[in-house]
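Please read the structure below before turning to the comments.
Letters A, B, ... are given to chains in the order of the sequence lines, protein chains preceding strands, and every chain is numbered from 1.
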Amino acid sequence: MSHASGKPAKMLLAQSQAQFLNRQMNLPFDVAAYLDATLLATAANLGLTERGFDPEVRVADPAHGDFQANGALAFAKREKQNPRTVAQQLVDPLEVLREHFDIALAGPGFINFRLKPPALLGWLQAYDSEEHLRAGAANAHAGQTWVVDYSSPNTAKQMHVGHLRSAVIGEAICRLLAFTGAKVIRDNHLGDWGTQFGKLIYGYKRWVDDEALLTQPIEELERLYKLGHAATPDGSPELEEARRELVQLQSGDPKSLALWKKFSDVSLAAFEQIYARLGIHFDHNLGESFYNDKVERVYRELTAMGLAQVSEGALVVFHPEHPRFAKQPFLIRKADGASNYASTDLATALYRTEHFKADGIVVVTDFRQADHFEQLYLTARKWFAAKGYHVPALHHVTFGAVTAEDGKALKTRDGDVIKLKALLDEAEERAFALVTAKSPDVPEEERREIARIVGVGSVQYADLAQNRSSNYVFSWDKMLALDGNTAPYLLYAVTRVRSIFRKAGLDPARPPVEGASAPETPQELVLARKLVQFADAVKISTDHLRPHFLCLYLFELAGAYSGFYAADKVIVDDPAVRARRLLLCHRTLVTLETGLHLLGLRTLERM
RNA sequence: GGAUCUGUAGCUCAAUUGGAUAGAGCACUUGGCUUCGAACCAAGGGGUCGGGGGUUCGAGUCCCUCCAGAUCCGCCA
């Protein structure tokens, strides 16, 4: 090797080292996870990890820092050591972090980390688009397949307000899982099989109005079911006739099946109209009927392995180790030999595991089914493990009831359940009135479009913004309010950012941010810190399958932006200041829109 | 009868699941637009976290026990 070629080689080496160091200078997407890993490595060098040290890094109260590590406290307690000494031991070797963070010990042994302004700038420069945010978040569930079962209405009935939460929460969860790298399969587990079809066919054969069936199919089917139900009182010969219709259907009579298929098709077409407005599209509509021929295997395998037993003529599963389900049976086949909800749900869990190769299954229903799903999952885990099947993560995502402001069930003035279509229509009407009042100069066609996005988005957001465990009080005034943790407030923040770019004649997709200096004013710093926390918001929302964490984050981000907007003028003469403020505006826009899209909302140019 | 969930400011809700002085919005009081959208911002008052015990460095969060509401508990889904 010549002298001449040696020098460039050395230079190349130095260059690559510099590049490596340069890469090291950029913080990763999830700063909390980075701190956690660094502390864990430090603890390992000190020999603390084999004694179970966990750094416990989380986002901190801004008064203390950006992130805090609480692990020294729990560890010191267990090991009967002084927590401050443990924390000090951990902090001393952390020179590598001091480039980016101010580090301080506080209280009984908290370790506080505050990002330095240049580090904030570096992070914001790296994560500059929805695509890059997605790439940063995508390793959490990379390579995994998740089946999400939500919405799941009954065919031949209109969707009503009770169906809203499952659809909205389920879709947000799908998007969060997909954003964090999972392959998501959206499965609508329709209630498309059961005893009600006997009465429906009975009514259909006598009173169907073909005209109405074309124009208002589900309304007509509901009318026919009500007629059929009223005409077949208990003990009557008419009821016997309805039962014969059901037996014919279940035994596979082609004419009955064709009728049933027709009911399913018109129902699905009507559901699709609602789903389109909510931004939902299912990959599969595998309802209960799909599992009809798959329940025999459930009976056979569970009986063979001794998990299921016959009791009072029915096939049931007990869980002797469980305080409740040792006594409370899981009834998987009725005494008359018919399948039920439990039989088809077991078959469904198996199908999702075998056919879709699910690593995780999420079912989104209201809290009343909690017992059922606890028994279902207990049974499925034992069954799959015993047979050597893959055992996916099984989650039942529950939510509380929707009530009126008096705490009672939400009803129309006539006492009927409020239909989902009527609810969305009213949301759009109310939003239209609001937009017209606030922006009378916008052309009507655009106001209509704005009203669709604001109206439906408000309904979605109001549902998502609160912890799903509690009951949800439905209030038009609160969900369409312009301030507070609402869709209009967030959408308004988006339009304000866009307006700056529009007024300045700049492309919001490629803002001129070269030469941006690090954030400096109090409002810039608050906003920049909030932007970096997006990673944490996505993580906790996904980990807990609770979208309200993301909502709260977006609300705080919009608040930080509004504070910044009021305090710091963006279009100023100083090029470095203007560039950094444009950068903050742009990252706010990207983060707000990414977050709102994750929740299933659409965003606006102006409103 | 057994069990699960819920109970936080006048109202509607948070609190990253055991962390630092329990936070927002509405309502109320006050201040801020000839200046990038005031559908906004800034500031203020408002709490025995249903009651009572316990666990520990530390509890709205965990345990026990009452009170109130909702829900589930063998042939609906």
Nucleotides 24-35 of chain B: which of its N/O atoms have a protein N/O under 3.5 Å away?
unit_1, atom_1, unit_2, atom_2, d
B:C26, OP1, A:D483, OD2, 3.0

Rounding to an integer number of angstrom, what distance separates [N] and [M] when you compare their [atom1] atoms?
| N | M | atom1 | result |
| --- | --- | --- | --- |
| B:G18 | B:G46 | C1' | 28 Å |
| B:C36 | B:A27 | C1' | 32 Å |
| B:G47 | B:A24 | P | 15 Å |
| B:A38 | B:A42 | C1' | 13 Å |
| B:A9 | B:C49 | P | 10 Å |

| Is the ring centre of A:H64 under 5.5 Å from the base ring centre of B:A20, and are the two planes under 30° apart, so that they stack? | yes

| task | Taking all non-hydrogen atoms of both residues into account, name the closest pair between A:F318 and A:K327 and its distance. | result |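 Minimum heavy-atom contact is CE2-O, 3.3 Å.
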
| Interface with RNA chain B, restricted to residues 571-589 of chain A and to heavy atoms under 4.0 Å | A:I571

| said: Classify A:S499 by what it touches in the nucleic acid, base, sugar-phosphate, or nothing, heavy-atom distance under 4.0 Å. | reply: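 Base contact.
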
| What does A:T344 touch in the nucleic acid at a heavy-atom separation under 4.0 angstrom: a base, only the sugar-phosphate, or nothing? |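 No contact.
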
| task | Kindly say whether, by distance alone, the side chain of A:Q328 makes a donor-acceptor pair under 3.5 Å with the base of B:A3? | result | no

